[in-house]
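In what follows, residues are counted from 1 in the order of the sequence shown.
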Amino acid sequence: MSVNTPETGFRARLQQLARRTVVFAIALAVGGFVVPSAASAAETPPADGEQSVELHVSAGLRGTIAPGSSTSATLTVRNRTDEELSAGRVQVEIGSTPLADDEAVTNWLDQEEASGDFTPLGTDSTGSIDAGESATATVFLPESAVGDLVPGIYPLRAELTGATTGGPAADDTVARDASATSILVVTAAQTSLIGVLVPITATPAGGALLTADELAALTAPEGSLTAQLDGVAGTTAVLAIDPSIPAAIHALGTAAPEQATDWLARLDDLPNPRFALQFGDADAAVQAQAQLPELLQPTTLSPFLDPANFPVARVTTPPTAAADGTTAPTPAPTEAPVLPDDEQLTVVEGALPRILWPRADVTPQDLAAFQTYLGEGTTTIVSSSTVSGQSTAHATAEGQDLLVTDAVASAALSDAAAEADPAARQRLLAEAAARLFLAESRAPGAPLLIGLDRDETRTPDALREVISAADSIGFDLGALRDTPPAAATISVETGTPGAADVGSLLADEQTLVAFSTILTDPQVLLGPERIRILRTLAVGTPAEDFVAVVAAHRAQTTATLGAVSIPPSSTIQLLSANADLPIRVRNDLPWPVTVQLTASPSDPRLEVKPLIETVVQANNTATVKVPVSARVGSGEVDLRLGLISPTGVQIQGVQTVRVAVRAEWEGIGLGIFGGLAVLLIGLGVIRTVRRKRREAAEEAAADAAALEAAEPKDGRGE
C-alpha cells in the first residue's frame, strides 16, 4: 500500500472532481479489484446520455463497526461511458475528528465539509473496465487502522485517479477521475429499543378499490404487495395497513385471485404488531383542520359486491301477526347469497385500536379533534419535527397521547429503502446509522421510533435491510404505549393549506348526491366517489402534488355531471300543425338513468308537452319524441329544453333549440295533392269515354259489315 498525498491536496482534488462526477455505487472485493462478467455487471446507460464514471465507498456493516474491531472498505467503480475505462488507482481515507451533530453529517455528505485531518486507510490498483460494466474492490482495514477510534461518526471518503477513456494517443484520452463520500459509525451495543413503522398501501389506477387484475399483479411473486410482505417478514416491524386492501380482496369473494387470498392469509399469519390506517390512507389532520365533525368513511362498499361470488344460504322469514291477532303461516325458506357488511370487508386482523398516523403538520386543535373522532385513549403518531425536535418515542402534548418518530433518521432510512441499487444503498444506510447514533445520544436508553415514508415501489431486499439496520428484538408497540410518556410541545401552528380543499371536495360530492337521483341505486356512483375523495386526501400524496390531485378530482366530478345531457341540435323544421319533435338525450355513464325532459316554447304559437320521462341505457343515446302543435301558419320559435331527475333535481340547464314552423305548407300540399287527384280522375274519365266511344264505333262497323255480308245477291248471278 502506498502512502496518500497530504490531506490538503487530496481534499482540493476531491472538491474539484466532485463537481464533474456522479457518486453512485460501491462494493469491495478482498485483496484486489474484481471485474464481473458482462452478464452480471452490465449497466443501463444514463437516460440523459451522460458519459461518466461513478464511485461509491462504504465500510463496516451498513456503515457501523464496534469499537476496537477491524473491518473492510468496499468500493464500486461503474463505467457509464461507451468506451473501455483504463486501469487506475483507488484510495480510502477517514477523518480523525467525529462529526458532532446532524448538521455536520449533512455538511459532510452534501458539501464534503469536515474539520480535522484525514488518515489514509489503504490504496489499491484497478483493472480495466468495459463500457457499461462495473467492478468492485475490498480494502481490509485492520484493527491498527480503526481500532483506536472512540464511539462517534467519522467522515469517510475515496478517490479514483489515473483511469482514462479514449484512444492510445495522449490527445485522445479523457481523464475519468471520480470521488465518493460516506460515513463510518463506531458504536457500542445498542442501548435503546428501536421500532420501525412500515406502511402497507396500494393505490388503484381508478382511485376506488383495487380490481381483480390489479390484485393479481400486486400479489404476484414480483408484485408490490408481495415485496412489502417479503420485506417485513422475520422482522419486528410494526405494520400500518390500509384497510382498503383487505376490503378489495374480500369484496371479490370467490372471484378474488388465488394469490391475493394467499397474500391476505400470509399477512394475517405474520406475528408483527399492526394497526389500521384510515381507509385509503386518508389524512386525519387535514380533515380535522377542515373542522369535519367526524372522520370520512366509505358510504358503503355494497356496490362492489357481486352476489354471484358469495355462498348461498337458506333464509327463513319469521311469521308475521295479522291485524286480527292471528299468526300468518310461516313462509317457506328461501336461498340467498350471504354478503359481508362493510365492517367485515375492512377488518384488519389483530389491529391495535385507536391509532392515527396523519401528516406531520398536526396542530393542538387537531389532537383534540382526534379524541372526538376515535374516543378517549386515541394515540397519534407524529414526527419529531412536530414536537420541537423531541424524539422520545412515547410522549404527551396538550394532554394527548403521542408516538413520536425521529424525523431525521426516518428520512434517511426511507431514502435507503427507496434505493434499489444495493451499492448506492450502503451510503444511505451509513447516513441512517449516523442519524440513529445521534438520536440515541440525545436521549440515552429512551425508546426510539422510525416511521418509513409511504412508498409502494420498494424492493423486498431494500426494505428488509433497512428494517434490520434499525429495529430491535423485543420491541413491542403495545408495551411502548404503556410506558410513561415524556412531555412535549406541539410546534405546528397553521397546519396544512389543504383544509380548504376538503370543503370543496365535499361540496362537489353533495352536487353528485343530487345528480345521482337519476340512478336506480345512487350508491353505485356515490360509493366510489367517497373512496376517491379519501384517496385524494391520502398521506402519501406529495405536498407539491396535492393541488394538482385535487384539481384532477374536481375535473372528474365536472365530467360526471356533464355525462347526461341533450346534445346541441340544428334548427328543426316543423311542416305540420301537429307532430313529434325528435330530441336526443345522451348518457355517458356506465349505468342506465331515468330523466325527465322538460320543454317550453318561447312563443305561445307553439304548444308543447311540458314533461316527458324516459330511460336512457348505459353509454347510449335515446331519442325522445316531444308532441307539439302549431297555432299559426308559419314562424320561428325557440324551444327551451332541460333535464331533471324524477325527484326534480336539475341535471342540465336550459338549452334552446330553434323550431321553424311551416304549418301552411300542409294546406298547400293538400291543395296540390287534391288538384292532382281531380286532374288524374278527369283524365281517367276522358280516357274511359273516348275508349267507350272507340269501342262502340268499332262494334257498329263490325255489325254493319256482318249485315252486308248476310244480304242476298242480285239477279245477275242466277
Open item on the list: As a quick check of understanding, evaluate side chain to side chain donor-acceptor pair (under 3.5 Å) for Thr363 and Gln289, giving each step before the final call.
Closed with: CA-CA 8 Å; Thr363 67; Gln289 290 159 25; 4.5 Å; no

TODO: Mind listing the closest non-hydrogen atom pair of Trp357 and Arg454 along with its distance?
DONE: O-NH2, 3.1 Å

Open item on the list: Looking at Asp580 and Lys609, is there a salt bridge between them, counting it only when a charged N and a carboxylate O are closer than 4.0 Å?
Closed with: no

TODO: Taking the side chain as every heavy atom from C-beta outward, state whether Ile355 and Ile381 have any atom pair closer than 4.5 Å.
DONE: yes

TODO: Determine, stepwise, if the pair Thr621 / Val616 fulfils side chain to side chain contact (heavy atoms under 4.5 Å, CB included).
DONE: CA-CA 7 Å; Thr621 299; Val616 187; 5.9 Å; no

Open item on the list: Determine whether a donor-acceptor pair (N or O, by modelled atom type, separation under 3.5 Å) exists between the side chain of Thr536 and the backbone of Arg532.
Closed with: yes

TODO: Apply side chain to side chain contact (heavy atoms under 4.5 Å, CB included) to Asp501 and Val286, showing your working.
DONE: CA-CA 9 Å; Asp501 294 312; Val286 74; over 6 Å; no

Open item on the list: Please check: side-chain N/O of Asp306 versus main-chain N/O of Asn309, any donor-acceptor pairing under 3.5 Å?
Closed with: no

TODO: Check whether any side-chain heavy atom of Ile490 sits under 4.5 Å from a side-chain heavy atom of Gln400, and report yes or no.
DONE: no

Open item on the list: Keeping Asp638 on the side-chain end and Thr656 on the backbone end, is there a donor-acceptor pair under 3.5 Å?
Closed with: no

Open item on the list: Quick one, Thr511 and Thr557 - any side-chain contact, counting heavy atoms below 4.5 Å?
Closed with: no

Open item on the list: Could you measure the distance from the OG atom of Ser504 to the CD1 atom of Ile533? Nearest 0.5 Å is fine.
Closed with: 11.0 Å

Task: Backbone of Gly648 reached by a side-chain donor or acceptor of Gln596 within 3.5 Å - done: no

Open item on the list: Just so I know, are the side chains of Leu537 and Leu505 near enough to count as touching, which here means a heavy-atom distance under 4.5 Å?
Closed with: yes

- [ ] Please examine the side chains of Leu252 and Phe304, heavy atoms only from C-beta on, and report whether any two atoms are closer than 4.5 Å.
- [x] no

Task: Nearest heavy-atom neighbours spanning Leu296 and Gln278 - done: O-NE2, 2.6 Å

Task: Flag, side chain of Gln344 to backbone of Asp341, donor-acceptor distance under 3.5 Å - done: yes

TODO: Look up atom CG in Leu512 and atom CD in Glu529, then write down how far apart they are to the nearest 0.5 Å.
DONE: 5.0 Å

TODO: Look up atom CZ in Arg658 and atom OG in Ser569, then write down how far apart they are to the nearest 0.5 Å.
DONE: 12.5 Å

Open item on the list: Pair Asp213, Thr211 - check side chain to side chain donor-acceptor pair (under 3.5 Å), show working.
Closed with: CA-CA 5 Å; Asp213 290 341; Thr211 64; 5.4 Å; no

Task: Nearest non-hydrogen partners of His250 and Leu345, listed with the distance - done: ND1-O, 3.0 Å

Task: Between Ser565 and Arg586: side-chain donor-acceptor atoms closer than 3.5 Å - done: yes

Task: Closest approach of Thr203 to Leu210 (non-hydrogen atoms, all atoms of both residues) - done: C-CD2, 4.1 Å

Open item on the list: Are there over 12 heavy-atom neighbours, none belonging to Glu258, within less than 6.0 Å of that residue's CD?
Closed with: no

Task: Straight-line distance of Ile249 CD1 to Thr219 OG1, nearest 0.5 Å - done: 6.5 Å

Open item on the list: Would the distance check show the side chain of Glu214 and the main-chain N or O of Ala205 forming a donor-acceptor pair, the cut-off being under 3.5 Å?
Closed with: yes

Task: pair Asn587-Leu589: side-chain heavy atoms closer than 4.5 Å - done: yes

TODO: Working to the nearest 0.5 Å, report the span between CG of Leu197 and OG1 of Thr405.
DONE: 7.0 Å

Task: Main-chain N/O of Leu277 paired with Asp242 side-chain donor or acceptor, under 3.5 Å - done: no

Task: Close side-chain approach of Glu509 and Arg530, heavy atoms under 4.5 Å - done: yes

TODO: Going by the side-chain contact (heavy atoms from CB on, under 4.5 Å) test, name the single residue among Ile644, Val649, Thr594 that passes it with Thr517.
DONE: Val649

Open item on the list: Quick check on Glu613: does its CD atom have over 12 non-hydrogen neighbours (other residues, nucleotides or ligands) under 6.0 Å away?
Closed with: yes

Task: Main-chain N/O of Asp455 paired with Asp453 side-chain donor or acceptor, under 3.5 Å - done: no

Task: Heavy-atom side-chain contact between Leu506 and Leu292 under 4.5 Å - done: yes

Task: Leu225 versus Ile245, closest heavy-atom pair with distance - done: CD2-CD1, 3.9 Å

- [ ] Could you grab the distance from atom CG of Asp361 to atom OG1 of Thr386, nearest 0.5 Å is fine?
- [x] 7.5 Å

TODO: Look at the side chain of Gln652 and the backbone N and O of Ile566, then say whether any donor-acceptor pair between them is shorter than 3.5 Å.
DONE: yes

Open item on the list: Applying side chain to side chain contact (heavy atoms under 4.5 Å, CB included) to Gln259 and Thr226, what does each step give before you reach the verdict?
Closed with: CA-CA 10 Å; Gln259 61 262 40; Thr226 300; over 6 Å; no

TODO: Keeping the roles fixed (side chain from Arg640, backbone from Pro601), state whether a donor-acceptor pair exists under 3.5 Å.
DONE: yes

TODO: Show the numbers, then the answer: is there a side chain to side chain contact (heavy atoms under 4.5 Å, CB included) between Phe515 and Leu525?
DONE: CA-CA 10 Å; Phe515 174 82; Leu525 173 64; 3.9 Å; yes

- [ ] Indicate the atoms forming the closest heavy-atom contact of Asp342 with Leu301, along with that distance.
- [x] OD1-N, 3.1 Å

